[in-house]
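Side-chain atoms are counted along with the backbone in the values below, which use heavy atoms only and exclude waters and symmetry mates. Everything numeric here is computed off the predicted structure, so don't read it as measured data. Residue numbers start from 1 in every chain, and the chains themselves are labelled A, B, ... in the order their sequence lines are given, proteins ahead of strands.
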Amino acid sequence: MRQLINALLKYKNTLIYLGLLIISLVFLNQRSFYHQSVFSSTALSLSSKFNMAGQNLSSYLDLAKNNEKLIAENIKLKTLELIHFTEKFPKKRAIDTFAFQVMGARIIKNSYNRARNYLIIDQGYKDGIETEMGVISSDGVVGIVNQVTTDFSSVISILHRDLKINASFKKNGAYGSLSWQGKHPNRMKLNDVSTLNPVMEGDTIVTGGMSDYFPHGIPIGKVFNFQKPELEGYYDIDVELFSNLTQKKFVYVLKNTKKDQLNQLKNESR
Amino acid sequence: MNRDNIISIFQFLLLLLLQAFLLNNINFFGFINPNLYLLFILVYRLDGNPTLLIILGFVMGLLLDLLTQGSGGHTIATLTIAFIRPFIIRFSFGVNYDVPMGMIKGSLLNQRLLYLSLMVVIHHLVLYSVVYFSFENIITILKNTLFTSFFTFILAYISLGLFKEKND
């Protein structure tokens, strides 16, 4: 103990210097937006490199299971392809006008136990990722890209309390905004759906297509429970997600190739 | 000792206000603002308490950044220079320096110049590295360091001369 105190006294100048340096770095981070962004992108690229190492190992061990999943998805796609080819008039034109370009990515860090969750994926601006791109998985919506470095990007998960997604009913197109309450990684709340529309338990909820991030009609979940408050004109709907965000490995990043046109229209009509 | 403390406090406040409200608005050639407040750390007693100097340097930089809406560069630069001052003193005056009353009396001219220029250049290098904070701007950092150091050096040298005449 005495030696410890002596050592502390001996290096007290260095310790005080380091302590004050950390305080001033925090100060710098608080005051300057430029420094804040440099710090956070450095932190992102460092943490992604560390997570990448661990993820490589676990993904190698999971290869067999992933293979099965991919085969299952392939079978599904193959059926779709066959249906498509057997139709008399191929819908080639529809694919040409589809505004989204799809890119694959691997999740190297995923969180779901905080109030504001983020993912990190192994694709960066070198691979064509930009901020504000939508991210989906094979069976649902995952989130929106919010920060990009050379090799990695971070994605705001839909399990993030401040994120709201435009969602609608598959059966009649009644829409509302979907948000996460921060409790269960499988439950979300759909607000702002007018009570004029009929709602049943088990109705399918899909993306609404009113945002620039996602195309219309990606399945999100189904109605699990709903209430009709007496004095308000809006339902209170609980949605159960189809996808299990706690065990995702691969995601698809959607690039909206016609976003320029949308933004132009928005600016002009303002 | 008491009188020294009062002079130190007076110097601290005077240099801080002078820097914040006058010298930071000079903009010589568009970008040169001599940082004369460094004089406080330069003339701090060589045998004074180094821990106190580190804290004083931090407070000085912090106040200056708050007064001038700076991002935090002055805080880190002043803190760092206060921390490494003993090493610079040992490097420029030799290991057995005995100049307790400050750097003005009893040391060789080239030793004083070395001390002064090292302090000024390192301070400015840290300051502009923190302010610009990227490798792409290394030319700008070096250019600013060079010119501003030069003017700070001249101002500091003149000011030290003034102090010296008063003391004699």
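B:Phe133 touches chain A through backbone and side chain together, each having a heavy atom under 4.5 Å away. If you measure heavy-atom distances from A:Phe33 to chain B, you find no contacts under 4.5 Å at all. For B:Leu53, no part lies near chain A; criterion is any non-hydrogen pair under 4.5 Å. Of the atoms belonging to B:Val131, it is backbone heavy atoms, and not side-chain ones, that fall under 4.5 Å from chain A.
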(request) Quick one: do B:Phe58 and A:Ile23 satisfy side-chain contact (heavy atoms from CB on, under 4.5 Å)? Show the steps, please. (result) CA-CA 10 Å; B:Phe58 175 74; A:Ile23 293 176; 3.8 Å; yes
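The two residues A:Tyr34 and B:Ser134 have their closest heavy-atom pair at OH-CB, 3.3 Å. Taking all atoms of both residues into account, the shortest heavy-atom contact from A:Lys12 to B:Thr51 is CE-OG1, 3.1 Å. Taking each heavy atom of A:His35 and B:Val130 in turn, the nearest pair found is NE2-O, 2.6 Å. Between A:Leu20 and B:Ile54 the shortest heavy-atom distance is CD1-CG2, 4.0 Å. When all heavy atoms of B:Gly73 and A:Leu28 are compared, the pair lying nearest together is N-CD1, 4.4 Å.
The local environment of CZ in B:Phe12 is crowded, with over 12 non-hydrogen atoms from other residues, nucleotides or ligands closer than 6.0 Å. Within 6.0 Å of atom CZ in A:Arg114, 12 or fewer heavy atoms from other residues, nucleotides or ligands are found, so the atom counts as exposed in its surroundings. No more than 12 heavy-atom neighbours from other residues, nucleotides or ligands sit within 6.0 angstrom of NZ on A:Lys164. Dense packing is recorded around CD of A:Glu73, with more than 12 heavy atoms of other residues, nucleotides or ligands lying under 6.0 Å away. Heavy-atom neighbours of A:Phe39 CZ from other residues, nucleotides or ligands within 6.0 Å: above the threshold of 12. Other residues, nucleotides and ligands contribute more than 12 heavy atoms inside 6.0 Å of the CG atom of A:Leu9.
Top candidate by heavy-atom pairs under 4.5 Å with chain A, chosen from B:Ala82, B:Gly61, B:Gly70, is B:Gly70. The greatest number of non-hydrogen atom pairs below 4.5 Å with chain A, out of B:Ile55, B:Thr75, B:Thr80, is found for B:Thr80.
Between B:Ile84 atom CD1 and A:Tyr17 atom OH the span is 7.5 Å, to the nearest 0.5 Å. The distance from the CG atom of A:Leu21 to the CG atom of B:Leu79 is 6.0 Å, given to the nearest 0.5 Å.
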